[in-house]
Student: 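Here you go, one structure.
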Amino acid sequence: MNEINLDLIDTTGEPPVTEPERQYYYIAKCRELISRKSKELGRPLYSCTTTFGCQMNARDSEKLIGILEQIGYIEKETKNPDFVLYNTCTVRENANLKVYGHLGFLKKQKEKNEHMMIALCGCMMQEETVVEKIRSSYKFVDLVFGTHNIYKLAELIYDRLTLDKPVIEILKDTDNIVEELPSERKYSFKSGVNIMFGCNNFCSYCIVPYVRGRERSRKPEDIVNEIQKLVNDGVSEIMLLGQNVNSYGKNLEEEITFAELLRRVEKIEGLKRIRFMTSHPKDLSDDLIEVMKNSKKICRQLHLPLQSGSSRILKIMNRHYDKEKYINLAEKIRREIPDISLSTDIIVGFPGETEEDFKDTLDVVNRIRFDSAYTFIYSKRTGTPAAKMDDQIPKDVIKDRFDRLLATVHEISNEQTLKHVGNTYEVLVEEINEHNNELVTGRMSNGSLVHFKGCKDLIGKIVNVKLDEAKGFYYLGTMEEI
Ligand code: 5AD
Ligand code: SF4
């Protein structure tokens with residue numbers, strides 16, 4: 001990664017056919033064009049990337065920014081960038097609406113800056129209706145690509161710069177996992193690491209399997225090598241990323257479980273913390289609980305989406321577990337790893353959800369007492385089985401249930417956070433506090449944020465902090481002597 005000398009690439013001949021060599025060739029080609037443009041304008045060219053959605057998208061954006069920087073753009077939050085990139089999400093409809101809102105604004109910006117290039121990528125672009133709409137109503141967009149070809153950004157930019165017409169390339173699916181391209185990490189001390197792409201679960205409400213394609217796991221040795229390189233580069237915390245990490249390895253020649261991958265990752269010297277997401281309850285093995293329990297590096301945090309507490313709804317959602325199985329699993333995890341922080345996702349208002357079903361959800365929340373929960377109003381996604389179901393729930397009923405759920409979730413998570421006050425925990429310092437530069441902000445093993453007095457030299461270090469006060473979503477604390 002980042003070790004290839006672009007000046008040594010011969011850009012006069014034909015592009016290589018193998019990856020990633022082909023992309024390095026295009027990076028070098030684009031660099032020539034961007035450098036020429038920059039000389040012409042007498043200033044550097046700026047890119048500005050906006051990321052919507054999940055951790056996978058955040059990681060994809062780091063790769064995209066890595067390519068843009070190699071090409072010669074300086075990534076910066078600026079009002080008038082030369083290259084605007086939106087990495088989109090489509091899991092719920094409001095994410096789509098936001099993008100259209102931004103496009104209206106960008107049109108005016110582009111009228112003021114003729115060099116401006118506008119690019120859209122990510123999950124939303126995998127939907128045919130979206131691309132059609134962009135083609136017909138947003139003709140000023142220069143570049144559209146999806147989730148399967150982000151590694152081709154340089155080649156697509158080159159096409160756009162030389163063909164003089166918008167470039168739209170959406171692949172339906174891919175078996176391709178292109179590694180070893182540049183990536184620009186947001187934090188020097190922590191990084192996401194993809195372990196798998198796509199999803200095979202087809203939960204009936206969810207669009208992800210349609211826009212991210214079938215499940216593909218990376219080889220364990222490639223993952224371990226990437227993490228080793230990151231550690232050599234100063235990273236101490238990694239987040240293993242996948243739509244359903246518990247089914248990691250199932251499609252590999254050498255079958256390997258997620259628990260076994262964790263054992264291998266744990267052995268990497270210099271690595272201090274391991275996180276992962278997301279876990280599907282149906283695939284979470286006893287072996288994984290055992291590995292977590294005995295690990296010194298795996299963080300005390302588990303995200304275990306419930307979605308609904310009603311066995312009837314869970315069946316229609318195609319989740320492959322019921323209320324009892326979920327409760328048993330969560331209780332087992334709490335029993336085996338008592339200091340774990342459990343978080344979850346819950347959807348309110350799935351088609352056909354009755355008051356009885358909703359009460360089952362509240363019941364699970366009250367019994368498991370999640371440390372935190374992300375609550376979502378069901379969003380109808382065209383193309384999913386749930387979108388065709390008759391019994392869509394009226395808005396006012398959903399709103400009422402959502403408010404009740406939120407109140408319960410908040411009350412419980414407030415009580416849960418109070419449990420830790422007065423104790424001392426290891427905290428990885430992440431940044432200077434946004435609102436008060438005498439404070440730093442760090443993260444505990446269980447994922448909670450803590451603000452405490454400190455300076456920028458602490459960033460990236462793990463220190464002991466006593467929690468003085470719980471403030472809802474975060475703590476105020478005091479650092480103990482190093
Ligand atoms: N409507 C509402 N929430 C959804 N999620 C996924 N699809 C939908 C939908 N159609 C939620 C699930 C998932 C999280 C990432 O987003 O709770 O776990
Ligand atoms: Fe969507 Fe279900 Fe796959 Fe998660 S496991 S991405 S909710 S289909």
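Ligands are counted one by one from 1 in listed order, and the atoms in each one are counted from 1 as well.
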Student: Consider only side-chain N and O atoms of Asn201 and His320, and report whether a donor and an acceptor are under 3.5 Å apart.
Tutor: no
Student: Write out the protein residues near ligand 1, meaning a non-hydrogen atom under 4.0 Å from one of its atoms, in order of chain and number.
Tutor: Val91, Arg92, Tyr205, Gln307, Asp345, Ile347, Phe376, Ile377, Tyr378, Ser379, Arg381
Student: When the ring centroid of His148 is compared with that of Phe197, is the distance short of 6.0 Å?
Tutor: no
Student: Among residues at least two apart in sequence or on other chains, which ones pass salt bridge (Lys or Arg N to Asp or Glu O under 4.0 Å) with Lys133?
Tutor: none
Student: Which word best sums up how the rings of Tyr374 and Phe376 line up, parallel for under 30°, tilted for 30 to 60°, or perpendicular for over 60°?
Tutor: parallel
Student: Assign the ring pair Tyr138 / Tyr100 to parallel, tilted or perpendicular, where the plane angle (0 to 90°) is split at 30° and 60°.
Tutor: parallel
Student: Should the proximity of Arg319 to ligand 2, defined as any heavy atom under 4.0 Å, be assigned to the side chain, the backbone, both, or neither?
Tutor: side chain
Student: For this output row, return yes or no: ring centroids of Tyr474 and His451 closer than 6.0 angstrom.
Tutor: yes
Student: Cation-pi check, Lys190 to Tyr187: give yes when NZ or CZ is under 6.0 Å from the six-membered ring centre and within 45° of the ring axis, no otherwise.
Tutor: yes
Student: Give every protein N, O or S atom lying under 2.8 Å from atom 3 (Fe) of ligand 2, naming each by residue and atom.
Tutor: Cys199 SG
Student: Around atom NZ of Lys297, are there more than 12 heavy atoms from other residues, nucleotides or ligands closer than 6.0 Å?
Tutor: yes
Student: Using the test salt bridge (Lys or Arg N to Asp or Glu O under 4.0 Å), find all partners of Glu355 that sit at least two apart in sequence or belong to another chain.
Tutor: Lys359, Arg401, Arg404
Student: Look at atom 7 (S) of ligand 2 and say which protein heavy atom is nearest, naming residue and atom and giving the distance to 0.1 Å.
Tutor: Tyr205 OH, 3.3 Å
Student: Side chains of Tyr205 and Gln307: do they bring a donor and an acceptor to under 3.5 Å?
Tutor: yes
